Amino acid sequence: MVMVSRWFVVGAAALAGVGLATSAALSDVSLGPEGPLRVVLTAAGTGRTADCSAAAFEGTFFDGATVTVTDAAGTVVGAGELDATGQATPDGCAWSLTFGELTGAESYVVELRREGTPPRVHTYDFTVAELEEKDWTVWVSVFA
């Protein structure tokens, strides 16, 4: 099993330009026993040559979608909105948000939401053990 420092993962993402928007200031991100949590959304069906501009995703799920993280008690511990422009990656267009200060819960819920007609909501539950296995980075692929 290869162990990678969380700072390496966060630093590599920053160097790659994937960190596009965040509601939690990076100075608030802590490396406590639980976190920081990084949520990466990819546009299903896009490839490495995709146009990831704001114009290409206008009116889609990625145009103003919000990401909310709650603890097991339902308390919001992080929230943010996607930046309009996605980042081109080998896996297609991606958006990334990082949430820090996650402590004390046994599990967390990540909710992706875009208001509209009809509203679209994607909800994912993770235990702390599952998040640790993922090195506190969750990848989610959503159709635009």
Side-chain angles (χ1 to χ4, degrees), residues 1-72 74-103 105-116 119-144:
M1 174 181 214
V2 177
M3 298 300 290
V4 177
S5 163
R6 286 186 181 97
W7 279 119
F8 175 79
V9 173
V10 172
L15 288 175
V18 177
L20 299 175
T22 183
S23 65
L26 290 179
S27 62
D28 292 338
V29 176
S30 68
L31 284 178
E34 298 180 14
L37 173 63
R38 183 170 168 242
V39 179
V40 181
L41 286 81
T42 60
T46 61
R48 76 178 68 216
T49 60
D51 176 4
C52 300
S53 68
F57 285 92
E58 185 175 346
T60 71
F61 180 82
F62 298 96
D63 182 13
T66 59
V67 179
T68 305
V69 180
T70 56
D71 62 16
T75 303
V76 174
V77 295
E81 185 174 318
L82 296 183
D83 201 357
T85 303
Q87 175 68 39
T89 73
D91 298 319
C93 299
W95 293 257
S96 178
L97 294 160
T98 302
F99 305 95
E101 304 294 329
L102 303 182
T103 58
E106 294 178 13
S107 62
Y108 294 94
V109 175
V110 176
E111 179 186 89
L112 316 173
R113 176 181 293 272
R114 168 108 172 21
E115 297 302 330
R120 290 178 56 193
V121 180
H122 303 275
T123 305
Y124 305 90
D125 299 288
F126 298 98
T127 65
V128 168
E130 290 170 325
L131 290 171
E132 287 174 348
E133 286 177 15
K134 298 174 183 301
D135 199 29
W136 291 87
T137 299
V138 176
W139 289 79
V140 179
S141 188
V142 177
F143 283 98

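Nothing here was measured: the structure is a model prediction, and the numbers come from that model.
- You'll find the side chain of L41 reaches within 4.5 Å of the side chain of V67, heavy atoms only.
- At a threshold of 4.5 Å between non-hydrogen side-chain atoms, the residues Q87 and C52 do not count as touching.
- Remark: L97 CG to E81 CD distance equals 9.5 Å, nearest 0.5 Å.
- Note that OG1 of T89 and CG of D91 are 4.5 Å apart. Values are rounded to the nearest 0.5 Å.
- Scanning all heavy atoms of the two residues, the minimum distance from V128 to W136 falls at CG1-CZ2, 4.0 Å.
- Evaluation of the side-chain hydrogen bond (donor to acceptor under 3.5 Å, both in side chains) rule for T70 yields no partner, not counting sequence neighbours.
- V138 is listed as a side-chain neighbour of F126, based on a closest heavy-atom distance under 4.5 Å.
- Residues passing the side-chain hydrogen bond (donor to acceptor under 3.5 Å, both in side chains) test with T66: none are found, sequence neighbours excluded.
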Could you pull out every donor-acceptor pair under 3.5 Å between side chains of residues 55-64 and any protein atom, sequence neighbours left out?
unit_1: T60; atom_1: OG1; unit_2: F57; atom_2: O; d: 2.7
unit_1: T60; atom_1: OG1; unit_2: F62; atom_2: N; d: 3.3
unit_1: D63; atom_1: OD2; unit_2: G59; atom_2: N; d: 2.8

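- Here CG of L112 is found 7.5 Å from OG1 of T123. Values are rounded to the nearest 0.5 Å.
- H122 and V142 get closest at one heavy-atom pair: NE2-CG1, 3.7 Å.
- Across every non-hydrogen atom of A105 and D71, the tightest pair is CB-CB, 3.7 Å.
- In this structure, D51 contributes its side chain and S53 its backbone to a donor-acceptor pair below 3.5 Å.
- Panel note: side chain T46, backbone C93; a donor-acceptor pair is recorded below 3.5 Å.
- The nearest pair of heavy atoms linking F99 to G80 is CE2-N, 4.0 Å.
- Of all non-hydrogen atoms in T42 and A94, the two that sit nearest each other are CG2-CB, 4.1 Å.
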